[in-house]
Amino acid sequence: MARDLSVQIGSLTLKNPIIAASGCFGYGLEYAGSLDVSALGGVASKGLFLKEREGHPPPRIVETPSGMLNAIGLQGIGVHRYVAEKLPELRRLGVTNIVNICGTTLDEYCEVARVLSDHEGVAALELNISCPNIKEGGIQFGCSLTGTYDVVSAVRKVTTLPIIPKLTPNVTDVASFARASEEGGADAVSLVNTFLAMAIDVETRTPKLSNMLGGLSGPAIRPIAVRMVYECHQAVKLPIIGMGGIQSATDVIEFLIAGASAVQVGTANFVDPFIWTKLTDGLADYMDRHGIGRVSEITGSLRKNT
Amino acid sequence: MARDLSVQIGSLTLKNPIIAASGCFGYGLEYAGSLDVSALGGVASKGLFLKEREGHPPPRIVETPSGMLNAIGLQGIGVHRYVAEKLPELRRLGVTNIVNICGTTLDEYCEVARVLSDHEGVAALELNISCPNIKEGGIQFGCSLTGTYDVVSAVRKVTTLPIIPKLTPNVTDVASFARASEEGGADAVSLVNTFLAMAIDVETRTPKLSNMLGGLSGPAIRPIAVRMVYECHQAVKLPIIGMGGIQSATDVIEFLIAGASAVQVGTANFVDPFIWTKLTDGLADYMDRHGIGRVSEITGSLRKNT
Amino acid sequence: MAVDVLAEILTNRALSRDYNVLGFAAPEIARLARPGQFVMVRPTSGNDPLLRRPFSIFEILRDDRRQPIGVSILNKNVGVGTSRLYAARPGDRLSILGPLGRSWLDVFADAPGHESWFVAGGVGLAPFLTLAEHTAADKRPMRLFYGGRSQSDLYYASLFEDLGASLHLTTEDGTAGEKGRVTLPLERELKARGGRPVTLYACGPTPMMRAVAALGASLHAPTVVSLEPVMGCGMGGCYSCVVKVSGADQHPHFVRSCLEGPVFDAKRVQWEALAH
Amino acid sequence: MAVDVLAEILTNRALSRDYNVLGFAAPEIARLARPGQFVMVRPTSGNDPLLRRPFSIFEILRDDRRQPIGVSILNKNVGVGTSRLYAARPGDRLSILGPLGRSWLDVFADAPGHESWFVAGGVGLAPFLTLAEHTAADKRPMRLFYGGRSQSDLYYASLFEDLGASLHLTTEDGTAGEKGRVTLPLERELKARGGRPVTLYACGPTPMMRAVAALGASLHAPTVVSLEPVMGCGMGGCYSCVVKVSGADQHPHFVRSCLEGPVFDAKRVQWEALAH
Ligand SMILES: Cc1cc2nc3c(=O)[nH]c(=O)nc-3n(C[C@H](O)[C@H](O)[C@H](O)COP(=O)(O)OP(=O)(O)OC[C@H]3O[C@@H](n4cnc5c(N)ncnc54)[C@H](O)[C@@H]3O)c2cc1C
Ligand SMILES: Cc1cc2nc3c(=O)[nH]c(=O)nc-3n(C[C@H](O)[C@H](O)[C@H](O)COP(=O)(O)OP(=O)(O)OC[C@H]3O[C@@H](n4cnc5c(N)ncnc54)[C@H](O)[C@@H]3O)c2cc1C
Ligand SMILES: Cc1cc2nc3c(=O)[nH]c(=O)nc-3n(C[C@H](O)[C@H](O)[C@H](O)COP(=O)(O)O)c2cc1C
Ligand SMILES: Cc1cc2nc3c(=O)[nH]c(=O)nc-3n(C[C@H](O)[C@H](O)[C@H](O)COP(=O)(O)O)c2cc1C
Ligand code: FES
Ligand code: FES
């Protein structure tokens, strides 16, 4: 059967809908020695500020039931070293780079976007306005509707690259943030970032993370993330990149049915760095079994119970 | 060592801080044939409206990684049958009854509260303003600050029983709802109710729950719930009853350290209906090992990382 | 009264690639159990999966002096929990909670002079062995109508024969017994029974039970069915396991099948409201 | 390059109530592994626990013709994941990913004429056996300083003796070897070594490694330590495993120990910034 795994996110074409999630795949090159990174639908880079950042002291992660908390604190090399040290090799490998960008001010987002727009090899910008574990990680934008609108429309003015604000789940009505993104001129939205959470060592009565608060990811959050993708799909026309706890092809398909056009996989990559072919094979198999020719036919195809 | 497990929630004294969560322990009598229900700190009843309710058609639950979704739809016998058929036996057994009450209008909450206030054997009222899976389950109050204030202050006028609004986690800033409850005259707050979520059967492309949406509970949500309890403890003076994914004494203590004065256990009771003595024994053992005489010394005792 | 036992697995007999029988050391449960009751088994001590799974009590295990030492379950591997139980090893310990629910015998008091006919589909055989032992002790005539997809689905029929039951086996592929559905011989035998009063007991896939209920109604045989809804707790705590049945007032209500079932008078069941 | 192998467990030798050695059939990893590298083992195929756990490669397992057929790990049961590995049974299959990280040999190129002294605390022995084999093949003199709480913590010392290492054993309770910390004989021997150049390799509890690093610095022995931070992925993906080390610019930076470690020149390590 003719079956096509490629998907369209605005003007961006991905060879398949399965993307490595930001902060969970380094800059992509870390994995290039062990697997073919260009075979992924895309790689969302570790979040980049204008400058280098040290991040939080360890412990930075703690495991929780079917999930994990992280408070990495956006350690990173900054956008200038990224374009100098990482991008050329990523281009050479043919990786579809979705660069995750952060800022403490509107100007910083715009400046990072400008630098990236000046270089070949960037496929899209994912605006991280939702990192829960640093105060200046954009969450001040991501938890306010006007803040979201402002950052999206500001970045819109400085780049022709597709822009994809990444929404936080730590809000009452995520769909309204998708709407604000749409109005601001976004090409797509991605969701969810992690859930603000904490864990305490009861013997010492101290937080298990040096930063006290961290972001919950992994299979634990999947049912909430699926619901949020569904709500956004009802609310906006924008393509949606869904994520949160995906660890199998079935999970990928669940997000697609709920309304996602593509998905990202984060925590599951830690457990199984070779998960990618399993996911695309499983999706292809599903499409064959159900006589589906294009991934977009699955997107938003939820039937109501009778 | 002299060690006392009792806790004070406003004017209410509980023999220990461990309460069966609403909707997870029937009306209490279901378990009376197998265990001593009066040994629990308290029993939060299944949510009660004024009238009987049929609830949603099955399937009503679905398991998810380290958690479960439920959309029971508040099936229940109504407050009148509760006081006639359940309360006398519960009183005879010496159960501390925290009656979980629901309403579709302010008047209904008040009327249910009045009926319960007229009967002996009710220790406190838990105001369910947070059931995520029925439209008229009070969530219209629980997701609005003025709605929360209104329902708490209205019920405050009709009863002298301790009132404990139960907060939803599906909001941006749960602490503001604790504040609204405090201003409305609540004696304590309890949190968290379940997280709005969904799961899809990818083969049929239909929701796994007949109601489509359900509430996520169980260990999966614990780190988010602990964070929310911590936030509320920072924001209000009211005692807090914490819950969400507790399945061991360590988890109980984690909530206490974060700021809870007592806790509720829901999903874990399904897995282990004899969990109660394990939890109180584990708490007692912890207090002995740490030289703690009263549970209230643990409440809010989180130390910051240095 | 239910007890929870962290029970050692005594035996795990694989019957095929997807059926096995697990024996648990749980004398407390074995002593309390009545025919048709069930247990909630925790497939692991961890969280994956989180919830217990309901299983009919298959056998009461006894020692040489016929003292109850445990129970077994007949497990069909259909998913995450049952696959752990398929792979469990003797010596492992798993929590099992029971006995739970009502017994077949709670639905109809043994009607004098009635024959007991059991109608089982596949793993639906499980709740019948204890009932057959009870019926044999009563010296009441019994028959087993037992259907499966193929020969390899039909286990343990000989145990029933040993207890004095006459057998009517069917398979969909004809590899054993009569070819076709189990309702075929059932209908034939019901029609041929003359005036003898018969009570039907059925457990298996929902469509099969529904068909048996219809036969029972039209051919005047009181029918009891053992339903298998999803169950979160087994103790009446969660209200997940409801089935719609008509009450004393003749109106349909959702009732918890872990408390009021899993066995029901088939006449009360609102079949169209069942989840599957 | 790392590979992931769904490896059959060949052997599980329990050494005590909390130590065991698990052998995995993973020839691909065994062929690639270099001394001091590690693997990420998935303790179950399910989600409890979710993440893999890092373990030093203890032995390279070989068949009769000395062909590599797998690796073993020396496991200390300290929590949920390691307890599953303690209880694992031959025939079980677990995913193991590796080899990962840098080798001891990547930190200092073998300095000509240097003696190799290994300093191990408890389960910190694990990354030394492969190094000892390498050192023996090089015909370089070596010693093992090996400390534990008591005799039952000191395993496999004889393997090192067989390879030609001289042993300095210590226990805190005096049940074997010298009584006291492993740094006691180390300091004595370092001081007594005359002009002989020595490289120290240390793995064990952080305070021990820190003490060894201090001795190495003051007594002029280059020191390599193998750190054990919490690791989420082992591949450089998550940035959880950072340790603060001084870089080429002499400024301290967080670097990922799964990529730049787990072995580090002790001089670079900012001990006060370590998580424990
Ligand atoms: C009173 C009672 C007695 C039962 N007795 C037996 C028995 O003796 N032997 C036996 O093999 N099975 C029995 N079952 C069914 C058994 O409980 C389910 O097969 C089991 O829970 C499936 O668990 P799983 O984790 O393997 O499946 P999952 O991975 O959870 O799901 C796999 C499939 O099984 C279905 N399923 C899940 N839970 C149930 C459930 N409770 N009932 C029916 N289908 C379900 C799901 O919808 C899904 O299609 C009984 C059920 C009840 C309610
Ligand atoms: C490179 C490397 C090599 C290692 N080699 C070995 C080895 O050969 N043999 C061996 O027994 N152990 C080794 N460890 C330590 C081992 O990884 C941990 O003991 C294990 O991850 C604990 O898992 P758990 O699920 O049993 O513990 P958990 O239940 O997760 O935690 C129990 C306790 O162990 C601590 N812990 C958790 N993860 C780690 C970790 N990665 N490192 C140290 N402490 C941790 C926790 O803080 C907690 O106090 C190594 C660690 C690293 C980083
Ligand atoms: C260790 C870690 C680091 C992360 N770093 C980032 C980041 O830099 N930028 C970002 O937008 N999201 C970051 N995330 C969030 C993930 O991209 C993703 O939104 C989230 O983990 C949910 O997906 P998952 O459940 O598949 O992991 C991080 C997540 C983890 C676990
Ligand atoms: C099956 C089920 C039914 C519930 N019914 C109610 C209810 O009637 N009223 C209410 O306030 N909360 C209800 N809850 C929420 C629980 O009381 C509790 O807030 C939530 O489950 C989190 O705790 P847990 O993780 O320990 O289960 C229900 C939860 C479950 C799982
Ligand atoms: S299974 Fe929980 S009420 Fe029946
Ligand atoms: S363990 Fe993930 S980056 Fe090192």
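Lettering follows sequence order; numbering is per chain, from 1.
- In terms of heavy-atom pairs under 4.5 angstrom with chain C, the leader among B/Gln247, B/Met68, B/Lys46, B/Glu52 is B/Gln247.
- Shortest non-hydrogen contact noted between B/Glu63 and C/Leu50 is OE2-N, 2.6 Å.
- Contacts of B/Pro273 with chain C are made by side-chain atoms alone, with heavy-atom separations under 4.5 Å and no backbone atom involved.
- The greatest number of non-hydrogen atom pairs below 4.5 Å with chain C, out of B/Ile61, B/Asp272, B/Val271, is found for B/Val271.
- Contact annotation for C/Asp4: both backbone and side-chain heavy atoms come within less than 4.5 Å of a heavy atom of chain B.
- B/Pro219 places a side-chain heavy atom less than 4.5 Å from the side chain of C/Asn47.
- Under the rule for a ring-ring contact (aromatic ring centres under 6.0 Å, His included), C/Phe24 has no partner lying at least two apart in sequence or in another chain.
- The two atoms that bring B/Phe270 and C/Cys238 nearest to each other are CZ-CB, 3.3 Å, heavy atoms only.
- For chain B, the nearby part of C/Val3 is the backbone; its heavy atoms alone come within less than 4.5 Å.
- For the options C/Gly236, C/Gly46, C/Ser95, heavy-atom pairs under 4.5 Å to chain B are most numerous at C/Gly236.
- By the 6.0 Å contact criterion, CZ on C/Arg181 is open, its count of non-hydrogen atoms from other residues, nucleotides or ligands being 12 or less.
- If you measure heavy-atom distances from C/Met40 to chain B, you find no contacts under 4.5 Å at all.
- Of all residues in residues 83-91 of chain C, none places a non-hydrogen atom less than 4.5 angstrom from a non-hydrogen atom of chain B.
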Problem set entry | Test side chain to side chain contact (heavy atoms under 4.5 Å, CB included) applied to B/Phe274 and C/Leu97, step by step | CA-CA 10 Å; B/Phe274 297 93; C/Leu97 171 71; 3.7 Å; yes
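- Within 6.0 Å of NZ in B/Lys278 there are more than 12 heavy atoms belonging to other residues, nucleotides or ligands.
- Every pair passing salt bridge (charged side-chain N to carboxylate O under 4.0 Å, His left out) that includes a residue from residues 23-38 of chain C is listed here, sequence neighbours excluded: C/Arg34-C/Asp106.
- With a 4.5 Å cut-off on non-hydrogen atoms, C/Ser240 touches chain B through its backbone and its side chain both.
- Using a 4.5 Å heavy-atom cut-off against chain B, the contacting residues of residues 251-264 of chain C are C/Pro252, C/His253, C/Phe254, C/Arg256, C/Leu259.
- Among all heavy-atom pairs drawn from C/Ala2 and B/Ser34, the shortest one is N-OG, 3.0 Å.
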